Amino acid sequence: MIELTLPDGSVREVAPGSTPLDVAAQIGPRLAKAAVGAELDGAPVDLRHPLDRSGAFRLFTDRDSEAGDFIRHSAEHVLADAVKRLWPEVEIDAGRQDHSEKYQYDFRFPRAFTAEDLERIEAKMREILKEDSVFERVEISRQEAAELFASMGENLKVERLEDIPEGEAITLYKHGDFVDLCRGPHAQRASQVGAVKLLEASGVYWKGDESNEMLQRIYGTAFGSQKEMDEYVERVEQANARDHRRLGPELDLFSFDDTAPANPFFHPKGAVIYNELVDFVREVQVADGFDEVITPQILDVDLWHTSGHYDNYRENMFFTAADERQFAVKPMNCPTHCLIYSTGLRSYRDLPIRYADFGRLHRYERSGVTSGLTRVRTFCQDDAHVFCTPEQVESEVLMMVSMIRGIYDTFGFEGTLIELSTRPEKRIGADELWDEAEAALAAALDTAEIEYELNAGDGAFYGPKIDFQIEDAIGRSWQLGTVQLDYFLPERFGLAYVGDDGEEHQPVMIHRAMLGSIERFMGILIEHTAGAFPIWLAPVQAVVIPVSEKNLDYARKVHDEIAATGARVKVDLRNEKLGYKIRDAQLQKVPYMLVVGAREEESGQVALRLRNGEDLGATPVADVARRIAERIAERSLEL
RNA sequence: GCCCACGUGGCUCAGGGGUAGAGCACUUCCUUGGUAAGGAAGGGGUCACCGGUUCAAAUCCGGUCGUGGGCUCCA
């Protein structure tokens, strides 16, 4: 017998080979009917998958959000079924759902799917759901599967089958007449897919390889109920309302022009934020012993041969020529920092040397991949390179990790995920060096008792790295900072220091970025805050709003008093009513609104209204000035 | 770069072979108003660009550029 521990702690014994559906039926017929899926020790299990071991067991019904993955996986098959019914000659490739409330399915189809096609397919899917077929699980031999799909003319499936490692069980899932090669898990019945919606279609490369033929992919989403679908639509709309590409121009932060694709123009207000971010990073890293350097933009191509960028990164670089010399616009700062390092004889006593650089970088990005501020062709990294001895790596890394976490805290990002990426297959350098480097990074994290996930094989070709991911206000994660060990560039540039033994040694280089790029970070921050920046970043921190023209002089006086603290304050002198100006300030997300009318003028006060709608009433001007100055100085998230 | 869609005044968008429309924004005037849009008048667009079809193109066709959603890649 195998023992299943249910969520309430009770243990249920069942015969090996029983399915979750059997277990549900044992508990009760209603549960058996409502069950959508199950999990064993946290791993999803199909209701019709025979159980072969004991463990923590849980059944999901349509009330559990975990049922969504089962439902979407089944919707994916229904999508493929619908397409096959409409176009029997189409070949199906495979579907996938990525736990993001979306699923997809790829087809070998002679043309692109149109919006009308999607409507037809969606309607057909609804018909299929009404048939309420069960999702049947069938184990089959590799040979039988190959023959089956070959006989059906599903050539892509036959190829997919060949990719499944020997020894792995081959399973099919059937509903009605539709059969697919699939490892599951699925919902119990079609009717459990309560709501489906197709989102978009696009061409994709077969198996993701650009040299392969292009297939047609359809994306959709599905939920157990229409209510969940409505909530999903609502969530998408809210996310769109935060889109920095919409908010940026609305708040007059930045724009783009066709003459410089993917190169942002920062308007005065955007430049304020940009510079505040740079100043913040500068302040933090100066305190930790980083020295800022300023290095050239355009350097001889020879340099990029030395660094290896010409061979490994040329596709992403801009080139130019002058005086019959070939130059490249820098895509990274590291080579210039190596050049500065090599201008003098370094002693172990000089190390670590920490160069920080806010230099402008240019990278050629293929036209289809750029996007708003998050993927641009010119940007500024909050970049730094540390040159140190191997013994110093751990403490340097530790310091960087702590700096980076402190910085994210300031913005109120929660759920920072740290990943340690280790040696990739394609790499340079001796394995002993990798052992040492990976151990140093892991040791640093362990010493500080920092939790991290291991991302084996995902390191840079020159060294392992620690990546930082944050989660924004609506749950999306973004990769920001990175700490990378590099034994490669020091060698290429012949960098050395004189050790205490009088011999020359090679320093280790550590690449570091905290915000990542200022541009991308600003984009993320706009979406995280929906444009309502913390006061220290707000382009206009306070606006003085006179009730009528009679109060203009007093408004100017208030302005001057607040401005004397260094705060960015404006007066709204326009010939409009109070409500109009309040609304305008709200839409511009100005943190503080200082309303001045006859009453305030008499008492030397302002009526203080906050961006969050809070009305703090009449307050002495000096108090307001002090409050604003304090919040700014603290980089407070509070208004 | 590849697949698809889109590109009309500063913004959001309507229109669609016969000589450009709305709302918001902007300007001026009236109004001096107490916490999310007071009123009136006015200015503003060679409909992304280039070429083709046509008596006639913003509208149809082709190309280019740009943007968006995917693929691939990535800070």
Side-chain angles (χ1 to χ4, degrees), chain A residues 102 104 106 109 111-115 117-118 199-219 240 243 245-246 249-250 252 255-262 313 315-316 331-333 361 363-383 460 467-468 478-482 484 511-524 545-552 574-588 593-600 607-611 613-618:
Chain A
K102 284 190 191 174
Q104 62 198 46
D106 298 350
F109 195 64
R111 58 173 174 86
F113 287 107
T114 64
D117 291 336
L118 294 190
L199 302 171
E200 65 225 352
S202 108
V204 294
Y205 302 108
W206 159 243
K207 292 184 183 173
D209 186 336
E210 276 183 84
S211 58
N212 286 343
E213 75 170 294
M214 192 158 251
L215 303 179
Q216 299 299 326
R217 173 174 297 173
I218 296 176
Y219 289 88
N240 288 342
D243 192 323
R245 293 167 301 186
R246 171 195 297 259
E250 255 175 39
D252 201 15
S255 61
F256 288 90
D257 187 85
D258 288 358
T259 54
Y313 207 71
E315 270 69 50
N316 286 291
M332 298 185 193
N333 293 309
L361 307 178
R363 296 184 186 173
Y364 171 75
E365 298 286 356
R366 302 164 93 195
S367 59
V369 307
T370 59
S371 175
L373 289 183
T374 50
R375 190 81 182 271
V376 289
R377 284 182 175 162
T378 178
F379 60 100
C380 162
Q381 276 185 327
D382 56 334
D383 202 9
D467 287 326
F468 297 77
W478 301 89
Q479 209 231 291
L480 299 179
T482 183
Q484 308 183 348
H511 306 244
R512 180 228 70 186
M514 302 195 285
L515 301 183
S517 98
I518 304 297
E519 283 78 0
R520 164 188 268 200
F521 189 81
M522 195 190 296
I524 293 166
I545 303 180
V547 171
S548 91
E549 283 177 5
K550 293 180 184 124
N551 314 112
L552 286 185
R574 293 176 299 177
N575 178 17
E576 295 290 350
K577 296 181 92 164
L578 177 59
Y580 182 94
K581 296 180 189 177
I582 295 276
R583 174 182 153 83
D584 201 53
Q586 281 295 150
L587 291 176
Q588 289 295 310
M593 285 158 255
L594 317 179
V595 177
V596 295
R599 294 201 296 271
E600 288 76 20
L608 182 56
R609 178 196 163 102
L610 304 184
R611 177 174 63 195
E614 210 177 321
D615 185 354
L616 298 185

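By convention in this document, chain letters (A, B, ...) are assigned in the order of the sequence lines, proteins followed by strands, and residues within each chain are numbered from 1. In this text, all values refer to a predicted model and were calculated from it rather than measured experimentally.
Comparing the same atom, C1', in B:U35 and in B:C49 gives a spacing of 48 Å after rounding to whole Å. For the P atoms, the distance linking B:A56 with B:G18 amounts to 14 Å, nearest Å. B:G62 and B:G43 have their P atoms separated by 39 Å, given to the nearest Å. B:G7 and B:G45 are spaced 14 Å apart, taking the C1' atom of each and rounding to whole Å. To the nearest whole angstrom, the two P atoms, one in B:A41 and one in B:A22, are 13 Å apart.
A:Gln586 and A:Arg609 form a side-chain donor-acceptor contact under 3.5 Å, judged by distance and modelled atom types alone.
Listed candidates were B:G34, B:C3, B:C30. Nearest to the side chain of A:Ala607 is B:G34.
A:Ala115 comes within contact range of no nucleotide atom at all, as no heavy-atom separation falls under 4.0 Å. Residue contacts shown for A:Phe109 are absent, as no nucleic acid heavy atom lies under 4.0 Å away. Among the heavy atoms of the strands lying under 4.0 Å from A:Ala262 are primed sugar atoms or P, OP1, OP2 only; no base atom is included. Using a 4.0 Å heavy-atom criterion, one finds that A:Gly523 contacts no nucleic acid atom at all. Note on A:Ala598: a base of the nucleic acid sits closer than 4.0 angstrom, heavy atoms only. Using a 4.0 Å heavy-atom cutoff across all strands shown, A:Tyr219 reaches sugar-phosphate atoms only and no base atom. Nucleic acid contact class of A:Thr114 (heavy atoms, under 4.0 Å, all strands): none. In this structure, A:Ala112 reaches the sugar-phosphate backbone alone: every heavy-atom distance under 4.0 Å involves primed, P, OP1 or OP2 atoms, never a base.
For A:Arg245, a side-chain nitrogen or oxygen approaches OP1 or OP2 of B:G68 to under 4.0 Å. Close to B:C24, at under 4.0 Å from its OP1 or OP2, lies no side-chain N or O of A:Tyr580. The side chain of A:Ser367 contributes an N or O atom lying less than 4.0 Å from OP1 or OP2 of B:G1.
If you check distances only, the side chain of A:Glu600 does reach the base of B:G34 with a donor-acceptor pair under 3.5 Å.
Counting only distance, with no hydrogens or angles, the side chain of A:Arg520 and the backbone of A:Gln479 share a donor-acceptor pair below 3.5 Å. In terms of modelled atom types and a separation under 3.5 Å, the side chain of A:Asp584 and the main chain of A:Lys581 share no donor-acceptor contact.
Residue A:Gln216 holds its CD atom at 7.5 Å from OG of A:Ser202, rounded to the nearest 0.5 Å.
One atom, CZ of A:Phe256, and another, C1' of B:G7, lie 17 Å apart when rounded to the nearest Å.
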What pairs of nitrogen or oxygen atoms, one from the protein and one from nucleotides 72-75 of chain B, lie under 3.5 Å apart?
{"residue": "B:U72", "atom": "O2'", "partner": "A:Glu210", "partner atom": "OE2", "Å": "2.9"}
{"residue": "B:U72", "atom": "O2", "partner": "A:Arg366", "partner atom": "NH1", "Å": "3.0"}
{"residue": "B:C73", "atom": "O2", "partner": "A:Arg375", "partner atom": "NH1", "Å": "2.9"}
{"residue": "B:C73", "atom": "O2", "partner": "A:Arg375", "partner atom": "NH2", "Å": "2.3"}
{"residue": "B:C73", "atom": "N3", "partner": "A:Arg375", "partner atom": "NH1", "Å": "3.1"}
{"residue": "B:A75", "atom": "O3'", "partner": "A:Arg520", "partner atom": "NH1", "Å": "2.9"}
{"residue": "B:A75", "atom": "O2'", "partner": "A:Arg520", "partner atom": "NH1", "Å": "3.3"}
{"residue": "B:A75", "atom": "N6", "partner": "A:Glu365", "partner atom": "OE2", "Å": "2.7"}
{"residue": "B:A75", "atom": "N6", "partner": "A:Val376", "partner atom": "O", "Å": "2.8"}
{"residue": "B:A75", "atom": "N1", "partner": "A:Val376", "partner atom": "N", "Å": "3.3"}
{"residue": "B:A75", "atom": "N1", "partner": "A:Val376", "partner atom": "O", "Å": "3.3"}

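Less than 4.0 Å separates RNA chain B from at least one heavy atom of each of the following residues of residues 545-552 of chain A: A:Val547, A:Ser548, A:Glu549, A:Lys550.
A:Arg245 has a carboxylate O that lies under 4.0 Å from a charged side-chain N of A:Asp243, or vice versa, which qualifies the two as a salt bridge.
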